[in-house]
Amino acid sequence: MARRRRVAQHKITRITLATLPTPLESGGKLQSGANLWVKRDDLTGLGVGGNKARKLEFLCGEALNNNATCLVTVGAAQSNHCRMTAAAGARLNLPTHLVLSGAKPKNLEGNQMLSSMFGAQLHHTGFEANDWANLENARNTLTEKLISDGQRPHSIPIGGSTPVGAIGYAVAFDEITAQCDLKNFAADAIVFTTSSGGTHAGLVAGLICARANDPQKVLPKIIGIGVAKSVALSAIRVAELANETLALLGETVRATQDDVIIDANFMGSDYAVPTQAAAEATTWAAHRGAWVLDPVYSAKGFSGLLGRDAKGEFAADSNIVFIHTGGLPSLFVTH
Ligand SMILES: Cc1ncc(COP(=O)(O)O)c(C=O)c1O
């Protein structure tokens, strides 16, 4: 609560794009006897939902404050972040440019089909999906071009993982703990998929504020399951981003690397390369609660939760929250 007041004091503008709060559903027992809870951030609503809606509420607030005339962002060919930015652009009547990996496909599918439906202009770069440095260079080049054409682009880095974007998940941390309080339990761990690190950094910032506000409160371990090499698979970088977020919120408390847990053991060989554990986690989640996971992000994240549980990390009757971060459209991609 204290933090929200500070958001207002610092004139960080939040616009409404998501349908919040998202539900926190009971997922029954894990193998260990721990209780599973599923935080349905796949149901945030914006352009069929996902975690990026929370970041975009603040990123687009920043765009409107800067009188932006268009949005620019970047991602893999099937980027959920790009699709949701396109949806935000449609809602705000801001032309949206998406810099994407890969060549122009014969038919648009999945997230690209939806992004195009929302009116975004797709810029196919031909770069590999994990060539993040060249993709970011292409975003910068396009941004410069738009400026020289007289536009005022609001250019958003990969995944929307800036301190402003990460505020979305600092606020989500409070939303989750308030829902746990209402259901009369304290979460022992919050597990989710991490890639560009903004979701993770925001949750850590939320944790640090909660710890400062009430040092006696039982607070969860924040566990990110990494799915992409060379984006933000570094506890140092996530702690830095959490601290930049805390500074933006006007907080004086800071995170350390010890507050950041990134588990890269469930990624497989690289970003978007399927794993057997993710396929099994997908079936488990679909059979247990009709939760629909995607192979690139949420299934690998959930395979991390199941894998850590199988190794005995979670005590019987402890409470483990999985944030379902979305990713549905890539399920419908055929190539
Ligand atoms: C479905 C899904 N889950 C998780 C993530 C990871 O979020 P972050 O980039 O904030 O680490 C993404 C990022 O694109 C995503 O699309």
### Message
Given 3.5 Å as the limit, does a donor-acceptor pair link the side chain of K300 with the main chain of A277, or not?
### Response
no
Any non-hydrogen side-chain atom of T125 less than 4.5 Å from a side-chain atom of V99? yes
Please answer whether the main-chain N or O of V164 pairs with a side-chain N or O of K55 as donor and acceptor at a distance below 3.5 Å. no
ask   = With distance as the sole criterion, is a donor-acceptor pair present between the side chains of S330 and Q78 under 3.5 Å?
value = no
Would R54 pass as a cation-pi partner of Y169, given that its NZ or CZ must be under 6.0 Å from the six-membered ring centre and within 45 degrees of the axis? yes
Rounded to the nearest 0.5 Å, the CD1 atom of I225 sits from the NE2 atom of H200 at a distance of 9.5 Å
Can you find a heavy atom in the side chain of L36 that is under 4.5 Å from one in the side chain of V38? yes
Q.
I'd like to know whether M84 forms a side-chain contact (heavy atoms from CB on, under 4.5 Å) with T44, so could you lay out the CA-CA distance, the side-chain angles of the two residues, the decisive distance to 0.1 Å, and finally the verdict.
A. CA-CA 10 Å; M84 298 191 74; T44 54; 4.0 Å; yes
Requested in this report: Indicate, with yes or no, if L59 and L248 share a hydrophobic cluster defined by side-chain heavy-atom contacts under 4.5 Å among Ile, Leu, Val, Met, Phe, Trp and Tyr.
Outcome: yes
- prompt: Is the shortest heavy-atom distance from the side chain of L30 to the side chain of L306 under 4.5 Å?
  reply: yes
Problem set entry | Pair N35, N319: side-chain N/O donor-acceptor within cut-off below 3.5 Å | yes
What one should report as the nearest heavy-atom pair of V260 and A235 is CG1-CA, 3.8 Å
query = So, does S298 use its side chain to make a donor-acceptor pair with the main chain of G326 at under 3.5 Å?
reply = yes
Atom CG of N93: over 12 foreign heavy atoms under 6.0 Å: no
Here the pair of heavy atoms bringing T245 nearest to L241 is OG1-O, 2.7 Å
CD (Q179) with more than 12 external heavy atoms under 6.0 Å: yes
Quick note, ring pair (Phe, Tyr, Trp, His ring centres under 6.0 Å) partners involving residues 12-57, not counting sequence neighbours, are W37-F185
**Study point:** ILVMFWY network linking L17 to V171, side-chain heavy atoms under 4.5 angstrom
**Key:** yes
| query | Do S155 and R139 have side-chain N/O donor and acceptor atoms under 3.5 Å apart? | reply | yes
Here the gap from I262 atom CD1 to I222 atom CD1, rounded to the nearest 0.5 Å, amounts to 12.5 Å
Check: So does K217 pair up with D181, basic N to acidic O under 4.0 Å?
Finding: yes
Closest heavy-atom pair, P153 versus L146, reported as atoms and distance to 0.1 Å, is CG-CB, 4.0 Å
Distance col, row L56:CG vs L92:CG, nearest 0.5 angstrom, shows 9.5 Å
Worksheet item: Taking it one step at a time, do T325 and D42 satisfy side-chain contact (heavy atoms from CB on, under 4.5 Å)?
Response: CA-CA 5 Å; T325 46; D42 56 321; over 6 Å; no
So OG1 of T256 and CD1 of I236: to nearest 0.5 Å the spacing works out to 11.0 Å
Could you go through the side-chain contact (heavy atoms from CB on, under 4.5 Å) check for I208 and L246 one step at a time? CA-CA 9 Å; I208 299 301; L246 287 163; 3.9 Å; yes
message: Is the shortest side-chain heavy-atom distance between F173 and P220 below 4.5 Å?
response: yes
State whether a side-chain donor-acceptor pair under 3.5 Å links S115 with N111.
-> no
**Message:** Could you walk me through whether D188 and F314 satisfy the side-chain contact (heavy atoms from CB on, under 4.5 Å) test, starting with their C-alpha distance in whole Å, then the side-chain angles of each, then the deciding distance to 0.1 Å, before giving a yes or no?
**Reply:** CA-CA 8 Å; D188 295 284; F314 307 131; over 6 Å; no
By side-chain hydrogen bond (donor to acceptor under 3.5 Å, both in side chains), R211 pairs with (sequence neighbours left out) D259
### Task
Using only heavy-atom distances, determine whether the side chains of K39 and T22 contain a donor-acceptor pair under 3.5 Å.
yes
Notebook entry, point to check: Are any non-hydrogen side-chain atoms of V191 and I323 less than 4.5 angstrom apart?
Noted result: no
- Message: Determine whether a donor-acceptor pair (N or O, by modelled atom type, separation under 3.5 Å) exists between the side chain of R152 and the backbone of C70.
- Response: no
Closest heavy-atom pair, A170 versus L249, reported as atoms and distance to 0.1 Å, is CB-CD1, 4.3 Å
Rounding to 0.5 Å, atoms OG1 (T194) and OH (Y297) come to a distance of 10.5 Å
### Query
Is there a side-chain contact between F266 and T275 (heavy atoms, below 4.5 Å)?
no
With sequence neighbours left out, the residues meeting side-chain hydrogen bond (donor to acceptor under 3.5 Å, both in side chains) with E57 are R14
K29 NZ: over 12 foreign heavy atoms closer than 6.0 Å: yes
When every non-hydrogen atom of T96 is compared with those of G89, the smallest separation belongs to OG1-CA, 3.4 Å
| said: Pair N130, D270 - check side-chain hydrogen bond (donor to acceptor under 3.5 Å, both in side chains), show working. | reply: CA-CA 8 Å; N130 57 3; D270 203 349; 2.8 Å; yes
- Query: Going by distance alone, is a donor N or O of one side chain under 3.5 Å from an acceptor N or O of the other, for E109 and T334?
  - Reply: yes
Tracing side-chain contacts under 4.5 Å among Ile, Leu, Val, Met, Phe, Trp and Tyr outward from M117 reaches V48, L98, L100, L108, M113, L114, F118, L122
Requested in this report: For S303 and A281, indicate whether the former's side chain and the latter's backbone hold a donor-acceptor pair under 3.5 Å.
Outcome: no
Query raised in the report: Under 4.5 Å between side-chain heavy atoms, hopping through other hydrophobics if needed: is there a path connecting V204 to I223?
Result: no
Answer whether the closest heavy-atom distance between the side chains of H124 and Q112 falls below 4.5 Å.
yes
Margin query: Can a donor-acceptor pair be found, under 3.5 Å and without considering hydrogens, that links the side chain of D149 to the backbone of Q151?
Written below: no
- Query: For the hydrophobic clusters of this structure (ILVMFWY residues joined by side-chain heavy atoms under 4.5 Å, transitively), does one cluster hold both F332 and V292?
  - Reply: yes
- Query: Quick one: does E136's side chain have a donor or acceptor within less than 3.5 Å of a partner on I158's backbone?
  - Reply: yes
**Prompt:** Does a donor on one side chain and an acceptor on the other come within less than 3.5 Å for N137 and N140?
**Reply:** no
- Can you get from I190 to L24 by hopping between Ile, Leu, Val, Met, Phe, Trp and Tyr side chains that sit under 4.5 Å apart? yes
side-chain hydrogen bond (donor to acceptor under 3.5 Å, both in side chains) filter on H123, not counting sequence neighbours, yields H97
Practice task
Applying ring-ring contact (aromatic ring centres under 6.0 Å, His included), run through F302 and W284 and close with a yes or a no.
Solution key: CA-CA 10 Å; F302 194 58; W284 195 102; 5.4 Å; yes
Closest heavy-atom pair, G110 versus V333, reported as atoms and distance to 0.1 Å, is CA-CG2, 3.9 Å
S32 meets the side-chain hydrogen bond (donor to acceptor under 3.5 Å, both in side chains) criterion, sequence neighbours left out, with D309
For residues E128 and S101, determine if any side-chain heavy atom of one lies less than 4.5 Å from a side-chain heavy atom of the other. no
query: Does any N or O in the side chain of D263 come within less than 3.5 Å of the main-chain N or O of N265, such that one atom is a donor and the other an acceptor?
result: yes
OG (S161) and NE2 (H81) are apart, to the nearest 0.5 Å, by 8.0 Å
